[in-house]
Amino acid sequence: MSGKLTIAIDGPAASGKGTLARRLAAHYGLRHLDTGLTYRGVARALLDTGQPLDDEPIAEKAARALDLGALDRTVLSEHGTGEAASKVAVMPLVRTALVEKQRAFAAAPPGAVLDGRDIGTVVCPDADVKLYVIASAEVRAMRRWREILDNGGSADHAQILADIERRDARDMGREDSPLRPAEDAHLLDTSEMDIETAFQAACTLVDARLAARNED
């Protein structure tokens, strides 16, 4: 592959966008960034240093100091970190600082796959390929429930479904960068797809874009 390639993937929680993003990044030799981890990274930095979670200037400073190359998914996936991240993610100064970092990440060669909730609409509106990955809330809840059980944990399916529906409403209803597909995004409904089928469908779209670009 010649030239830089940017792939933007958006979608609600547990839609499969993260797994798909990692597969695409590996397949096309691109870097990958889960932008949700950047907000968790800021929250974790504040928690680790005993800083308040409701002080926007302090949170902005932590955001600007964040190293996107040192985000540990295992550590940042902890529930407490996620709860803290939901508090800093609504701060405009934090969002501005992280979007700047996310854009810089995407701009560096050879390109990148970014997944999140406002990649195609805000972070990378000029991305070469935009995917909006969805699945029904029931399917997403079942996936999350099975994932927890497979990892030896225990969970209540009804509670997971309620959490997902509540998160959807919050993400889609927020004033700053609400979750929605970009006008030129390709819709990928994974409700009845396994990851391999979704991956092949996404590759078809990316390959078509690369072919068209090579003809220009």
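Hydrogens, waters and symmetry mates play no part in the numbers below; they use all other heavy atoms, side chains included. From a predicted model like this one, the values you see are computed outputs, not experimental measurements.
- A heavy-atom distance below 4.5 Å is not found between the side chains of Pro110 and Leu5.
- Using a 4.5 Å heavy-atom cutoff, the side chains of Asp55 and Leu46 are not in contact.
- Sorted by first then second residue, the side chain to side chain donor-acceptor pair (under 3.5 Å) pairs that include residues 6-15, not counting sequence neighbours, are Lys4-Thr6.
- Closest of all the heavy-atom pairs between Leu188 and Ala201 is CD1-CB, 3.8 Å.
- A donor-acceptor contact shorter than 3.5 Å is absent between the side chain of Lys130 and the backbone of Pro181.
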Let me have the donor-acceptor pairs involving side chains of residues 155-163, under 3.5 Å, with sequence neighbours excluded, atom names and distances please.
unit_1	atom_1	unit_2	atom_2	d
Asp156	OD2	Ala158	N	3.2
Asp156	OD2	Gln159	N	2.7
Gln159	NE2	Asp163	OD1	2.9
Asp163	OD1	Arg166	NH2	2.3

- Item | Full working for side chain to side chain contact (heavy atoms under 4.5 Å, CB included) between Leu47 and Leu53 | CA-CA 8 Å; Leu47 291 171; Leu53 294 172; 4.2 Å; yes
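- Residues Ile7 and Asp128 fail the side-chain proximity criterion, which asks for heavy atoms closer than 4.5 Å.
- By the neighbour-count criterion of 12 heavy atoms within 6.0 Å, atom NZ of Lys101 is densely surrounded, having more than that number from other residues, nucleotides or ligands.
- In this structure, NZ on Lys87 lies 9.5 Å from CE on Met91, to the nearest 0.5 angstrom.
- Sequence neighbours left out, the pairs with a member in residues 190-204 that pass salt bridge (charged side-chain N to carboxylate O under 4.0 Å, His left out) are Arg23-Glu196.
- Across every non-hydrogen atom of Ala106 and Ala112, the tightest pair is CA-CB, 4.2 Å.
- In terms of the side chain to side chain donor-acceptor pair (under 3.5 Å) criterion, Asp54 has no residue partners (sequence neighbours excluded).
- Trp145 and Ile164 fall within the same hydrophobic cluster, defined by Ile, Leu, Val, Met, Phe, Trp and Tyr side-chain heavy atoms under 4.5 Å apart, directly or through other members.
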Ignoring hydrogens and angles, write down the donor-acceptor pairs under 3.5 Å from the side chains of residues 57-68, residues two or more places apart or on other chains.
unit_1	atom_1	unit_2	atom_2	d
Glu60	OE2	Arg64	NE	3.2
Arg64	NH1	Glu100	OE1	3.0
Asp67	OD1	Gly69	N	2.9

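- From Thr35, atom OG1 reaches atom CD1 of Ile119 across 3.5 Å, with rounding to the nearest 0.5 Å.
- For Leu76, the side chain to side chain contact (heavy atoms under 4.5 Å, CB included) criterion is met by Leu37, Arg40, Arg44, Leu71, Thr81, not counting sequence neighbours.
- Under the 4.5 Å side-chain heavy-atom criterion for ILVMFWY residues, no single connected hydrophobic cluster contains both Val42 and Val90.
- No chain of hydrophobic side-chain contacts below 4.5 Å, direct or via other Ile, Leu, Val, Met, Phe, Trp or Tyr residues, connects Val129 to Tyr132.
- With sequence neighbours excluded, the residues satisfying side chain to side chain contact (heavy atoms under 4.5 Å, CB included) with Ala135 are Val139, Arg140, Arg143, Thr190, Ser191.
- Other residues, nucleotides and ligands contribute only 12 or fewer heavy atoms inside 6.0 Å of the CZ atom of Arg146.
- When the side chains of ILVMFWY residues are joined at heavy-atom separations under 4.5 Å, either directly or via intervening members, Leu210 and Leu20 end up in a single hydrophobic cluster.
- Within the model, atoms CD1 of Ile148 and OG of Ser154 stand 8.5 Å from one another, a figure rounded to the nearest 0.5 Å.
- Phe199 meets the ring-ring contact (aromatic ring centres under 6.0 Å, His included) test with His27; sequence neighbours excluded.
- Here the closest non-hydrogen pair linking Asp168 and Pro12 is OD1-CB, 3.5 Å.
- Rounding to the nearest 0.5 Å places OG1 of Thr121 at 10.5 Å from CG of Asp184.
- Follow the hydrophobic side-chain contacts under 4.5 Å out from Leu98 and you never reach Leu93; the two are in separate clusters.
- Shown here are the salt bridge (charged side-chain N to carboxylate O under 4.0 Å, His left out) partners of Lys17, two or more places apart in sequence or in another chain: there are none.
- Side-chain contact check for Asp34 versus Arg73: some heavy-atom pair is nearer than 4.5 Å.
- Contacts of Ala21 classified as side chain to side chain contact (heavy atoms under 4.5 Å, CB included), with partners at least two apart in sequence or in another chain: Ile9, His32, Val113, Asp115.
- Partners of Asp72 under the side chain to side chain donor-acceptor pair (under 3.5 Å) rule, at least two apart in sequence or in another chain, do not exist in this structure.
- Evaluation of the side chain to side chain contact (heavy atoms under 4.5 Å, CB included) rule for Arg174 yields Arg95, Arg117, Asp171, Ser177, Pro178 as partners, not counting sequence neighbours.
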